[in-house]
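Down below is the structure, laid out as structure tokens.
Start at 1 and go down the list; that is how both ligands and their atoms are numbered. Here, residue 1 is the first one in the sequence, and each next residue gets the next number.
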Amino acid sequence: MTYSLSSNTKVRVTVPSFAKLNLDLRVLSKRSDGYHELRTLFQTISLKDSLRIDFAVAQRTQIELESSVEIADNLVVRAAKLVLEHLKVRAHVRFALDKKIPMGAGLGGGSSNAAATLMALPALAGKPIPFAQLSALAETLGSDVPFFLHGGTALGLGRGTELYPLPDLPQHHALVVSTGIHVSTAEAYQALRRDVRNALTSAVDFPILREFQAIAWSLDSVGLKQLPLKNDFEPAVFQIHPALAAVVRKLRRLGAKPAMMTGSGSAVFGIFGSDAEARQAASAFRAGVTYPVRFVSRRQYRTRWHRALAPASGF
Ligand code: C5P
């Protein structure tokens, strides 16, 4: 993509900010840096926020955010400051965030908003940032942020920031149920009581790693239905919030396979055979807690971004 913005132009773009599911999430040991060593399968889904950005190069940096939902310490503002400092660009940036992704639900909404900002501002400033540098900036904002620079289906290792692409999965339909229960990510990790280990992998981890590897290798040949997908947070979080386990059981009764929690919760999801089946299942829940979604492939993710940034790139 070529950028052709003159320094005094004002530009407006509206970019999508998709949510994610963790189709599988294994937490290994606690690391000496305080984070946990993970293995996870990320997948972007069609549930999305929308971020409108007005950008103009200015004498002094000024960042304003108007959001449909009040959010303390918004990651969009932090991401904008970080990326403008990195670019050594001063600008007046006005964001309007239309929030549709439930917050604190394990759907990556805040992280996705941050990544959207990191991807959009360099294009708006006409100064692309090499991908490795952008990933390094993303990591400082949160463990899930780098994934949203890629989208699609991806394998997350380490803190969740070491990412490798996986073949895009076929189109799937899911029903996300977010009841509004708040789970603190840090507390959810604490509740797992993982040991601190210096070695990346140990004999304790091998059975988990073997199972996870088998899933990763079978992803493009065996349907999600047949795979023993797992989220290691479920036992600990379900013990504190039994209502979430009941939602998973209900999704299974309604025909979902698999049905599980995403991230450290509290949203749960079920995969259904079709959009119609997912919508039918939604009618069994109270209004306002269900989100019928489909998977968004990496190709679709990129196309949406390319289109959204066209006004900034002279297309
Ligand atoms: O990176 P992020 O800010 O999203 O992480 C929130 C908290 O979750 C961290 O402060 C840490 O307590 C915990 N965490 C962890 N291991 C990870 C990711 C997050 O322990 N891989």
Lys/Arg N to Asp/Glu carboxylate O, [X] vs [Y], below 4.0 Å:
X      : Y      : answer
Arg26  : Asp232 : no
Asp275 : Arg294 : no
Lys99  : Asp49  : yes
Glu66  : Arg94  : no

- Item | Greater than 12 external heavy atoms within 6.0 Å of Gln300's CD |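 Yes, because the 6.0 Å sphere around CD of Gln300 holds more than 12 heavy atoms from other groups.
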
- Query: So is Lys30 actually on top of Tyr189's ring, under 6.0 Å and inside 45° of the axis?
  - Reply: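 Output no; distance or angle outside limits.
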
- May I ask you to establish whether Arg39 and Phe212 are in a cation-pi arrangement, using a distance under 6.0 Å from NZ or CZ to the six-membered ring centre and at most 45° from the ring axis?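 So Arg39 doesn't make the cation-pi contact.
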
- Can you tell which part of Tyr35 has a heavy atom less than 4.0 Å from ligand 1: side chain, backbone, both or neither?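 Both the backbone and the side chain of Tyr35 come within reach of ligand 1.
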
Give me the residue, atom name and distance of the protein heavy atom closest to [atom].
atom                    : answer
atom 6 (C) of ligand 1  : Thr185 CG2, 4.2 Å
atom 13 (C) of ligand 1 : Tyr189 CD1, 3.3 Å
atom 4 (O) of ligand 1  : Ser143 N, 3.6 Å
atom 3 (O) of ligand 1  : Gly142 CA, 4.1 Å

- Counting heavy atoms only, which of Arg159, His36, Lys30 is nearest atom 16 (N) of ligand 1?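 Residue with the shortest heavy-atom distance to the ligand atom: His36.
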
- Message: Just to check, does Leu38 reach to within less than 4.0 Å of ligand 1 when the distance is taken from its heavy atoms?
- Response: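 Checking ligand 1 against Leu38, which is what was asked, there is a heavy-atom contact under 4.0 Å.
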
- Any Ser264 heavy atom less than 4.0 Å to ligand 1: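 Per 4.0 Å heavy-atom rule, Ser264 does not contact ligand 1.
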
- Message: Within ligand 1, which atoms have a heavy atom of Gly34 less than 4.0 Å away?
- Response: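 In order of numbering, the contacting atoms are 20 (O).
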
- Given the protein's heavy atoms, is any one of them under 4.0 Å from atom 10 (O) of ligand 1?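 Protein heavy atoms within 4.0 Å of atom 10 (O) of ligand 1 - there are none.
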
